[in-house]
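In what follows, chains carry the letters A, B, and so on, assigned in the order in which the sequence lines appear, proteins first and then strands, with residues in each chain numbered from 1. Values reported hereafter were calculated over all heavy atoms of this structure, with side chains retained and with hydrogens, waters and symmetry mates removed. Since we're looking at a predicted model, the values are computed, not measured.
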Amino acid sequence: MQERYEPAVVEAEAQAYWRDSRCFSPSEAPAREKYYCLSMFPYPSGRCHMGHVRNYTIGDVLARFMRMNGKNVLQPMGWDAFGLPAENAAIANGVPPAKWTYENIAYMRKQLQSLGLAIDWSREIATCRPEYYRWNQWLFLRMLEAGIAYRKTGVVNWDPVDQTVLANEQVIDGRGWRTGALVEKREIPMYYLGITRYAPALLDALEGMRGWPERVRTMQANWIGRSEGLNLGFPYAFDGMSGVLRAFTTRPDTIMGVTFCAVAAEHPLATYAARGNAALAAFIEECKRGPAMESELATQEKRGMPTGLHVRHPLSGEPVPLWIGNYVLMSYGEGAVMGVPAHDERDFEFAKKYALPIEPVIEIDGKPFSTDAWQAWYAEHGRCVNSGPYDGLDYEAAVDAVAADIAKAGLGGKQTIWRLRDWGISRQRYWGCPIPIIQCAQCGSVPVPDSQLPVLLPEDLVPDGSGNPLAKHAEFLACRCPRCGAAARRETDTMDTFVDSSWYFLRFACSDNPGAMVDERVDYWLPVDQYIGGIEHAILHLLYSRFWTRVMHDLQLVRCVEPFSNLFTQGMVLNEVFFRKPPSGRVEYFNPADVEVTLDPRDRRRVATLRADGIEVQSGGIVTMSKSKNNGVDPQALVEEFGADTARLFTMFAAPPEQTLEWSDEGVQGAYRFIKRLWKAVYDHLADGPVEPLERLDLDEAQRALRRQTHHTLAKVTDDIGRRRTFNTAIAAVMELLNALGKFAPRGPQDRAVIHEGLNTAVLCLSPIIPHATHALWRALGHTSAIVDEPWPAADAEALEQTTIEIVVQVNGKLRSRIRVAANADGQSVREAALADPNVRKFIGDGAARKVIVVPGKLVNVVL
RNA sequence: GCCCGGAUGGCGGAACUGGUAGACGCGCCGGACUCAAAAUCCGGUGGUGGCGACACCGUGUGGGUUCGAUUCCCUCUCCGGGCACCA
């Protein structure tokens with residue numbers, strides 16, 4: 001073997017072997033246990049970033065580990081290729097999104113391949129290819145037939161200057177990103193998928209999804225947001241109009257504390273009240289112009305205006321003033337709330353602001369209620385007071401009594417509502433999957449017949465920021481109505497890109513099938529055994545995918561119901577941001593690679609200067625790597641300088657994969673150094689000549705100790721990768737083993753035999769993480785088989801046995817001594833040994849121990 | 001604002017089920033090798049006091065439970081993710 005570790009040579013060789021042996025292209029083998037390992041496919045933004053390296057290395061370590069554990073492993077890769085950045089690039093550079101996207105894919109594929117991932121590239125898919133997106137269209141038509149997809153109006157951000165719809169991220173402080181014009185809300189017809197009808201199923205299934213992180217299940221449950229409560233009506237009779245204002249509440253027990261009702265600006269009663277009331281109409285207009293995002297709606301100042309109208313309290317019959325409130329959401333419940341300021345924080349704030357009465361009707365432990373300031377306990381459950389017939393009832397009894405009385409009055413009843421809204425999939429954009437609909441003047445919206453699928457997206461258009469170019473493309477627009485045959489216009493809206501990513505994991509099982517969306521191979525590979533991706537996808541992508549899979553299951557297209565058995569959510573990759581902000585003009589960001597950070601010797605202050613001009617730059621803290629902040633680290637340079645193994649090792653060692661990872665160049669050097677040390681250790685060992693077989697039963701104490709560490713390391717690495725998914729501690733354990741092997745000076749043949757076993761074990765343990773170097777080292781150690789095909793070994797239980805163990809002795813919980821006892825010593829003898837220890841006696845002094853706690857195999861605590 | 005996480009030496013992190021706080025790595029300090037440098041190797045490295053054995057302090061803040069808390073409970077602060085058209 002080579003004395004020097006040369007990653008470029010080693011990695012080219014290993015990758016050639018994997019490519020030529022096709023070892024990562026599995027076929028269905030029903031007799032074998034399958035393992036479908038999937039990392040979230042990337043958006044082809046141009047270049048890989050460290051987040052990709054991290055994501056795909058985690059998946060690759062697991063795929064390779066499971067492969068060595070005998071599983072039939074599938075690890076595919078594809079491209080989430082439709083989306084907004086391609087249109088932005090087109091606007092900036094005049095390049096068609098298709099060309100930009102395909103070039104990015106070609107470059108990023110090369111980058112990913114250089115990382116040596118155990119991927120079956122023969123299954124690669126790109127969602128912008130008609131072979132893929134035709135099935136989006138096909139299933140959309142099935143959903144239309146099933147009534148799951150439907151058309152209704154929805155609200156969008158409208159830029160009045162560019163005459164175009166803006167994404168939320170293109171609206172900055174209420175203005176269009178390019179034009180600076182005040183953004184308006186517009187109602188337009190859109191297609192929706194009825195995910196809400198799956199809400200109960202999606203919620204209930206979470207309970208059994210033990211392979212998902214608890215926090216993701218909690219987030220999804222909260223997002224779906226099941227609420228049990230009362231739907232109640234406030235009757236009204238205005239000029240020429242009477243009816244019932246419907247509201248939903250989870251606190252029917254506070255109903256006698258209602259002092260006002262508030263409706264959303266879009267509510268029909270708001271519209272009615274605004275007729276002939278210019279001030280109110282203006283307020284409604286203002287609310288409608290307000291933010292569309294929930295985060296902005298929730299943080300904006302709570303404002304309202306009285307309509308001058310009154311509705312009647314459903315139980316007391318008293319008049320209740322009706323307000324319009326900007327904090328009432330039309331999309332939740334009925335778009336109306338009953339205002340109980342004494343027991344709801346938002347209502348309290350609103351009532352204080354507009355001097356509405358606050359009437360406490362719940363008492364908790366006799367605590368004094370004051371209208372001066374809100375207290376958290378005002379919202380707690382208690383006993384009804386000032387509530388007439390309900391006085392003295394607790395929460396549950398009051399809810400039942402109020403619900404019964406409301407039902408008796410014919411004004412409502414108990415109801416369960418959901419926070420989850422139906423999924424609007426229409427996008428007024430070019431670079432997406434065309435929605436297969438034809439708009440006919442006679443027949444309305446008509447589905448494109450299956451025989452005419454796919455509706456092809458022309459790939460040569462260049463958006464200019466002023467609306468969807470499809471809407472100006474005569475060739476695309478022109479079509480005939482499938483129903484009446486008259487000339488018609490093709491729908492120009494495309495689908496949300498979450499549609500593309502909601503089923504790609506199914507297509508990987510049968511990506512070569514041109515005749516069907518899915519086939520029987522999907523039932524072999526699915527569900528995904530391990531799904532890996534960023535925590536930022538915890539709700540939307542994962543919930544949409546679960547929904548889509550259920551729809552396909554109900555249409556009898558796939559057998560599986562839940563697509564991802566186990567989910568692993570990785571943390572983000574962060575780096576420091578450096579910038580200068582000139583007194584006038586825009587902030588300029590500098591890549592950390594171009595910045596020199598030194599420590600000022602006088603005041604120990606960190607000083608950052610730009611290498612190019614030596615002038616100071618400011619630090620903006622450590623945040624997620626992004627193009628816009630110019631703080632990304634390109635893995636390409638890293639791979640070229642140190643090799644893929646170093647990049648992989650560092651990203652796996654630097655932090656547990658679930659946590660955020662801060663970038664540091666020094667750590668990379670450390671990872672590189674470790675591989676070089678491993679390489680040198682094997683080289684030096686082999687240079688001493690052939691190795692004799694290990695005489696397991698005839699070893700001295702030192703040899704047994706080293707062997708114990710070898711097998712302890714193997715057991716720990718197996719557990720850390722297989723169960724805990726803490727690759728950083730697995731790597732640390734192998735580092736410790738290598739340190740121990742280095743300190744062990746061989747004197748005889750059995751010393752060398754024990755070292756040989758240790759090196760073989762270290763190489764095997766690291767092979768999922770640094771597969772190229774270990775591929776070469778395995779061969780060098782004399783094995784004829786490839787390490788990728790080697791079965792994962794089991795630790796030798798006998799080697800792990802110990803005759804004596806160390807016990808920690810505490811006095812009053814503080815560490816005072818350590819004693820060695822026989823491994824099988826009973827509690828009584830351990831206790832006696834601890835009390836006899838001189839250091840312990842010193843602390844006990846003359847007094848006697850009040851209590852002695854013995855934790856077998858661990859410690860003794862003497863309590864004085 | 002709401003939902004979900006996180007906070008441990010100079011730095012990244014370890015401590016898995018309530019039981020030795022700081023494994024492993026980086027950086028730094030000292031030494032070896034070298035004409036020199038790089039690379040490599042050896043030793044040291046939480047803070048304070050002490051020649052030393054050792055002692056005291058120490059896991060974001062304040063409180064609680066416990067023989068014992070980085071770990072469990074409550075409070076607050078700061079940071080990160082999501083909030084439905086970024087993906």
Side-chain angles (χ1 to χ4, degrees), chain A residues 40 42-43 45 80 83-85 88 154 156-157 165-171 213-216 218-223 225 292-300 302 327 331 345-346 420-429 496-498 501 534-541 543-544 569 571-572 574 599 604 621-624 650 653-656 658-671 673-674 676-677 680 719-720 723-724 726 728-729 731-736 739 742 806-810 812-815 818 839 850-853 855 858-864:
Chain A
M40 290 179 185
Y43 179 80
S45 57
D80 190 11
L84 207 50
N88 294 342
V156 294
N157 304 309
V165 175
L166 298 178
N168 284 338
E169 72 158 11
Q170 296 173 321
V171 181
E214 186 69 44
R215 58 172 163 160
V216 176
T218 306
M219 279 191 260
Q220 291 215 346
N222 291 340
W223 184 262
M293 281 166 70
E294 195 195 302
S295 57
E296 288 176 31
L297 277 168
T299 45
Q300 71 181 349
K302 275 166 205 54
Y327 70 103
S331 55
E345 189 170 2
R346 284 177 309 177
L420 184 67
R421 305 200 295 263
D422 274 349
W423 176 13
I425 60 156
S426 294
R427 297 290 179 270
Q428 298 69 43
R429 273 180 243 301
D496 180 5
T497 54
F498 275 125
S501 56
I535 184 66
E536 70 273 21
H537 293 294
I539 296 175
L540 293 180
H541 161 61
L543 194 62
Y544 290 147
T569 48
M572 318 245 113
L574 313 181
L599 215 60
R604 292 179 58 80
I622 296 165
V623 303
T624 313
F650 173 66
F653 180 64
E658 240 165 335
Q659 278 178 35
T660 50
L661 166 61
E662 283 178 36
W663 190 253
S664 125
D665 284 324
E666 290 84 3
V668 175
Q669 291 282 353
R673 199 175 298 159
F674 174 67
K676 282 195 293 186
R677 285 210 301 134
K680 189 168 184 306
D719 189 48
D720 283 354
R723 178 182 65 91
R724 296 177 67 208
T726 53
N728 55 327
T729 54
I731 293 163
V734 183
M735 285 175 168
E736 284 183 83
N739 289 343
E806 190 180 76
I807 298 280
V808 165
V809 186
Q810 299 177 334
N812 283 339
K814 283 190 178 176
L815 174 68
R818 299 153 201 271
N839 284 330
R850 259 201 310 140
K851 195 169 166 188
V852 179
I853 289 149
V855 181
K858 282 241 165 110
L859 65 63
V860 176
N861 189 13
V862 181
V863 185
L864 297 180

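Distance from the side chain of A/Lys814 is smallest to B/rC57 among B/rA23, B/rA87, B/rC57. Among the nucleotides B/rC86, B/rC24, B/rC4, the one closest to the side chain of A/Asn168 is B/rC86. Checking B/rA84, B/rA15, B/rC24 against every side-chain atom of A/Tyr544, the shortest atom distance belongs to B/rA84. Nearest to the side-chain atoms of A/Glu806 among the listed nucleotides B/rC24, B/rU20, B/rA87 stands B/rU20. Among B/rG82, B/rU20, B/rC4, the nucleotide with an atom closest to any side-chain atom of A/Val808 is B/rU20. Checked against B/rA87, B/rC24, B/rG1, the side chain of A/Asp80 finds its nearest nucleotide in B/rA87. Set against B/rC86, B/rG12, B/rC4, the side chain of A/Thr218 has B/rC4 as its closest nucleotide. Residue A/Asn222 places its side chain closer to B/rC4 than to any other of B/rC86, B/rC56, B/rC4. Listed nucleotides B/rA23, B/rA14, B/rA87 differ in distance to A/Gln659; the shortest reach to its side chain belongs to B/rA14. For A/Glu294, whose side chain is taken as the heavy atoms from C-beta onward, the closest listed nucleotide among B/rG82, B/rG1, B/rA87 is B/rG1.
A/Asp719 meets the side chain to side chain donor-acceptor pair (under 3.5 Å) test with A/Arg723; sequence neighbours excluded. For A/Lys680, the salt bridge (Lys or Arg N to Asp or Glu O under 4.0 Å) test picks out A/Asp684, with sequence neighbours left out. With sequence neighbours excluded, the residues forming a ring pair (Phe, Tyr, Trp, His ring centres under 6.0 Å) with A/Phe498 are A/Tyr544, listed by chain and number.
Side-chain nitrogen and oxygen atoms of A/Thr497 include at least one within less than 4.0 Å of the OP1 or OP2 phosphate oxygen of B/rA87. For the OP1/OP2 pair of B/rA14 and a distance below 4.0 Å, the side-chain nitrogens and oxygens of A/Asn728 include at least one atom meeting the criterion. A/Asn739 has a side-chain polar atom (N or O) that falls below the 4.0 Å cut-off from OP1 or OP2 of B/rG25. Side-chain nitrogen and oxygen atoms of A/Arg724 include at least one within less than 4.0 Å of the OP1 or OP2 phosphate oxygen of B/rA15.
A/His541 comes within contact range of no nucleotide atom at all, as no heavy-atom separation falls under 4.0 Å. Using a 4.0 Å heavy-atom distance criterion, A/Tyr327 is classed as making no nucleic acid contact. Nucleic acid contact class of A/Ser501 (heavy atoms, under 4.0 Å, all strands): none. Counting any heavy atom pair closer than 4.0 Å across all strands shown, A/Leu297 reaches no nucleic acid atom. Within 4.0 Å (heavy atoms only), A/Arg215 reaches sugar-phosphate atoms of the nucleic acid but no base atom. At a threshold of 4.0 angstrom between heavy atoms, the contacts of A/Tyr43 are confined to the sugar-phosphate backbone, with no base atom among them. Using a 4.0 Å heavy-atom cutoff across all strands shown, A/Leu540 reaches at least one base atom of the nucleic acid.
For the 3.5 Å distance criterion, the side chains of A/Ser501 and A/Asp80 fail to qualify, holding no donor opposite an acceptor. Side-chain atoms of A/Arg677 and A/Asn739 include a donor-acceptor pair closer than 3.5 Å.
For the C1' atoms, the distance from B/rU20 to B/rC33 is 39 Å, rounded to whole Å.
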Protein heavy-atom contacts under 4.0 Å, written 5' to 3' over nucleotides 37-52 of chain B as B (base), S (sugar-phosphate only) or - (none), form the string --SSS-S---------

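With pairs defined as Watson-Crick or G-U wobble and both atom distances under 3.5 Å, the stems of at least three pairs that touch RNA chain B come out as B:1-7 with B:77-83, B:10-12 with B:24-26, B:27-32 with B:40-45, B:46-49 with B:54-57, B:62-64 with B:72-74.
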Using nucleotides 17-19 of chain B, report all nitrogen or oxygen pairs with the protein that are shorter than 3.5 Å.
{"from": "B/rG19", "atom 1": "N2", "to": "A/Gln810", "atom 2": "OE1", "distance (Å)": "3.4"}
{"from": "B/rG19", "atom 1": "N2", "to": "A/Asn861", "atom 2": "ND2", "distance (Å)": "3.2"}

